[in-house]
2 protein chains.
Amino acid sequence: MKDNNDMPGHLARRFQQIAVAVFLAEVGDAGFDMTPVQYAALATIKANPGLDQVTLAGLIAYDRTTITGVIDRLVQKGLAERRASRRDRRARELEVTDEGKRTLRKITPAVESAQRIMLRGLSAKEGEELMRLLHKAIAAGNELSRAPLREVQA
Amino acid sequence: MKDNNDMPGHLARRFQQIAVAVFLAEVGDAGFDMTPVQYAALATIKANPGLDQVTLAGLIAYDRTTITGVIDRLVQKGLAERRASRRDRRARELEVTDEGKRTLRKITPAVESAQRIMLRGLSAKEGEELMRLLHKAIAAGNELSRAPLREVQA
DNA sequence: TACTGATAGTCAGCATACTGAGCAATATCG
DNA sequence: CGATATTGCTCAGTATGCTGACTATCAGTA
């Protein structure tokens, strides 16, 4: 009888659950109110100023319907801006505000600390191996979800 | 500049995202409408007939407030029953119905197929190593989430 | 036994995620 | 050019997951 705990799907869920809890705890202790999803979106906007929502979704593998709400909240907190594009009036160009940049700078240590904590049961070598295997499994399954990773076109 | 894709938290999210999509696709193709969370709950009730909701939550590491809705849906589909306990009038005893048992039997091949697909990018050895590392990381982080795994007391 | 604390379950509220539908704008092709 | 297809975004609806609060009940103790 196969136990739930021997199923990769169940382990995936539990690891993610812990990862989110650790992230929120570290970031919260540092005095910030931001989710992992919001952080990834904000950091990606900063690295690609002026990108549109679909491109952002592709870069971090979010569903396009999820991005809408995430950006709503970043905008509402004053960390990002959403402007109509002039080249394509359907699209919204995204920018990080000055306060968003300040927040990103100050929050980074807590984010990095969270990444260490969620691997604290593993040696450095095991941690790297886990990352490698996750990468490989994800690459093979990328197209199986509605929100696959998409590279930017040059 | 550390990329999102080098952060274990982000990889955890993506792997889980793919795992859920694969599960829903396989189970849906087999003609069933069940989520990974519902499946784990139903299978665990079947393996521990008469258990209460808090114990169930501990066995699969769900939050107790999440369990309520999951069981609501299992009951609504006619797959499980919720009865008041006679020993403790606060508690609800959970059972799998006959149809729930039939469903579990018939759905198992699709569930196992999903587990294989989500590891299809890895060799058998790599798949086992990924499971081992996830187990180890999860064990170390178990107490960091609000819904840790709890063993049953004998 | 009365008081205190802990426990089982639910609920409201918020934040992902997804399905499917729809609108507006752009791209493509006959 | 005009019909059609595609694309960017949003919205309604559903299902996790969590925080925090609340009720009912139970357990332990003075």
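Since we're looking at a predicted model, the values are computed, not measured. Both backbone and side-chain heavy atoms feed into the values below; hydrogens, waters and symmetry mates do not. In what follows, every chain begins at residue 1, and chains take the letters A, B, ... in the order their sequences are listed.
Distance, A:Ile71 CD1 to C:dT16 P: 11 Å, rounded to whole Å. With rounding to whole Å, A:Arg87 atom CZ is found 12 Å from C:dT26 atom P. If you measure from atom CZ of B:Arg83 to atom P of C:dA8, you get 18 Å, rounded to the nearest angstrom.
Backbone-only contact: A:Ala147 has heavy atoms under 4.0 Å from sugar-phosphate atoms and none from a base. Counting any heavy atom pair closer than 4.0 Å across all strands shown, B:Asp63 reaches a base atom.
Checked for salt-bridge contact, B:Lys106 and B:Glu99 miss the test: no charged N lies under 4.0 Å from a carboxylate O. A:Lys101 has no carboxylate O lying under 4.0 Å from a charged side-chain N of A:Glu95, or vice versa, which leaves the two without a salt bridge.
Comparing A:Thr66 and A:Arg86, the nucleotide of DNA chain C nearest to each residue sits closer to the 5' end for A:Thr66.
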Report, as a single string ordered 5' to 3', how protein heavy atoms within less than 4.0 Å touch nucleotides 9-15 of chain C: B base, S sugar-phosphate only, - not at all. BBB---S

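The backbone N or O of B:Leu94 lies less than 3.5 Å from no partner atom in the side chain of B:Glu81, so there is not a single donor-acceptor pair.
Among residues two or more places apart in sequence or in another chain, the side chain to side chain contact (heavy atoms under 4.5 Å, CB included) test is passed with A:Asn142 by A:Pro148, A:Leu149, B:Arg14. Scanning for side chain to side chain contact (heavy atoms under 4.5 Å, CB included) contacts around A:Asp52 gives A:Val54, A:Thr55, A:Ala91, with sequence neighbours left out. In this structure A:Thr44 satisfies the side chain to side chain donor-acceptor pair (under 3.5 Å) test together with B:Asn4, sequence neighbours excluded.
Contacts classified as salt bridge (charged side-chain N to carboxylate O under 4.0 Å, His left out) and involving residues 131-140 of chain B (residues at least two apart or in different chains) are given here: A:Glu126-B:Arg132, A:Glu126-B:Lys136, B:Glu129-B:Arg132.
For DNA chain D, the outermost nucleotides in 5' to 3' order that have an atom under 4.0 Å from a heavy atom of chain B are D:dA15 to D:dC26.
A:Asp33 is listed as a side-chain neighbour of A:Lys77, based on a closest heavy-atom distance under 4.5 Å.
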